[in-house]
Number of protein chains: 2
Amino acid sequence: MLSKRSQYAFKALTYLAEKYNAGPVLISEIAKKKKIPLKFLENILLQLKKEGYLDSKKGKGGGYFLIQNPKKVKIAPIIRIVNGPISMLSCVSLYFYKKCKDCDGQNCGLKEMMTEVRDASLKILEHRTLQDLIV
Amino acid sequence: MLSKRSQYAFKALTYLAEKYNAGPVLISEIAKKKKIPLKFLENILLQLKKEGYLDSKKGKGGGYFLIQNPKKVKIAPIIRIVNGPISMLSCVSLYFYKKCKDCDGQNCGLKEMMTEVRDASLKILEHRTLQDLIV
DNA sequence: TTTTCAGTCTACTGGTTTGGTAGGGTGAAT
DNA sequence: ATTCACCCTACCAAACCAGTAGACTGAAAA
């Protein structure tokens with residue numbers, strides 16, 4: 001399941017996508033409109049800035065804004081950043097891979113199945129963008 | 001991600017699937033062969049028994065065993081029992097549905113996307129069985 | 001009928017993650 | 001110099017996770 005943090009992140013990003021190229025948006029505006037705790041949101045946006053999705057301006061007329069066109073921003077990497085692995089097993093994860101110790105033998109039925117599930121999910125999440133979140 | 005508990009559950013179930021119709025299997029045997037902490041495994045198997053997947057016999061010659069043919073036991077419901085929802089959002093979950101409060105409006109881009117992801121995953125997990133975990 | 005075997009049950013614990021809150025710091029604009 | 005608005009560090013309670021301890025029950029065999 002996506003954490004609350006992740007859901008807030010997507011709400012905020014969707015809001016910023018709607019306001020793309022319309023200048024900086026206040027954290028407080030996003031917080032109010034999307035009903036997200038202000039300080040929590042600050043923290044989330046800061047992370048998204050550090051990861052290269054957002055930029056910000058301080059002082060009067062400041063705020064946050066998307067760096068890239070929302071049509072170009074894929075969903076999957078955002079999930080990885082705010083929520084962690086997309087796979088159901090780390091031994092199957094592309095970006096958070098960890099060998100599962102005590103996994104008897106090289107072939108594991110669960111692993112195969114979870115690889116399929118991962119690919120099915122990625123097929124969707126790697127192709128959809130922030131633009132698709134705007135309704 | 002599947003919790004350790006879930007992974008242990010699948011290891012144990014796979015082991016029991018291999019020994020289907022071969023009489024009760026000791027918890028201690030499963031624990032040893034699959035390298036699962038004994039008391040933790042006890043707890044997991046007990047839950048699977050209560051949920052109707054396993055039965056057990058006490059005393060000498062006792063142990064756990066699958067009630068149904070592993071070919072008939074689907075993966076998805078097991079995940080729901082030991083790990084929780086399969087969906088990435090509760091407002092999209094079939095078995096753990098919860099309305100997301102403050103989800104502005106009835107249509108939500110994230111929700112649509114996560115419904116697709118859920119369906120893609122279920123297409124796999126609702127059709128595969130314990131039998132498929134045996135390699 | 002006592003012992004042994006093996007699953008059942010309750011409770012606890014230490015560590016990590018989640019979902020926040022508090023408050024001061026920094027830097028740009030007026 | 002003040003105000004505005006993001007930046008940063010630290011802290012906190014509750015929930016969850018992984019596992020442990022130990023006593024109890026019920027079946028089978030000696």
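Labels below follow one simple rule: chain letters A, B, ... track the order of the sequence lines, proteins then strands, and each chain is numbered from 1.
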What are the atom names and distances for every N/O pair under 3.5 Å that joins the protein to nucleotides 26-30 of chain C?
unit_1, atom_1, unit_2, atom_2, d
C:dT26, O2, A:K58, NZ, 3.4
C:dG27, O4', A:K58, NZ, 3.3
C:dG27, N2, A:G59, N, 3.2

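One finds a salt bridge joining B:R80 and B:E126 here, because a Lys/Arg side-chain nitrogen approaches an Asp/Glu carboxylate oxygen to under 4.0 Å. At a threshold of 4.0 Å, the pair A:K19-A:E29 counts as salt-bridged, since one of the basic side-chain nitrogens sits closer than that to a carboxylate oxygen. The existence of a salt bridge linking A:K33 and A:E18 is excluded, since no basic side-chain nitrogen approaches an acidic carboxylate oxygen closer than 4.0 Å.
The residue B:K4 sits close only to the backbone: its heavy atoms come under 4.0 Å of sugar-phosphate atoms, none of a base.
Judged purely by atom type and a 3.5 angstrom limit, B:N83 uses its side chain to pair as donor or acceptor with the backbone of B:S3.
Checking C:dG20, D:dC6, C:dG24 against every side-chain atom of A:K39, the shortest atom distance belongs to C:dG24. When distances run from any side-chain atom of B:F40 to the nucleotides C:dG7, D:dC6, D:dT20, the shortest one goes to D:dT20.
Residues A:L122 and A:L94 form a side-chain contact, since some pair of their non-hydrogen atoms from C-beta on lies under 4.5 Å apart.
By the side-chain contact (heavy atoms from CB on, under 4.5 Å) test, A:I81 is found to be paired with A:Q47, A:E51, A:Y53, residues two or more places apart in sequence or in another chain being considered.
Distances shorter than 4.0 Å separate some side-chain N or O of A:S56 from OP1 or OP2 on D:dC7. Phosphate contact (OP1/OP2 of D:dG19, side-chain N/O of B:Y8, threshold under 4.0 Å): present.
For DNA chain D, the neighbouring residues in residues 42-54 of chain A, judged by any heavy atom under 4.0 Å, are A:E42, A:L46, A:K49, A:K50.
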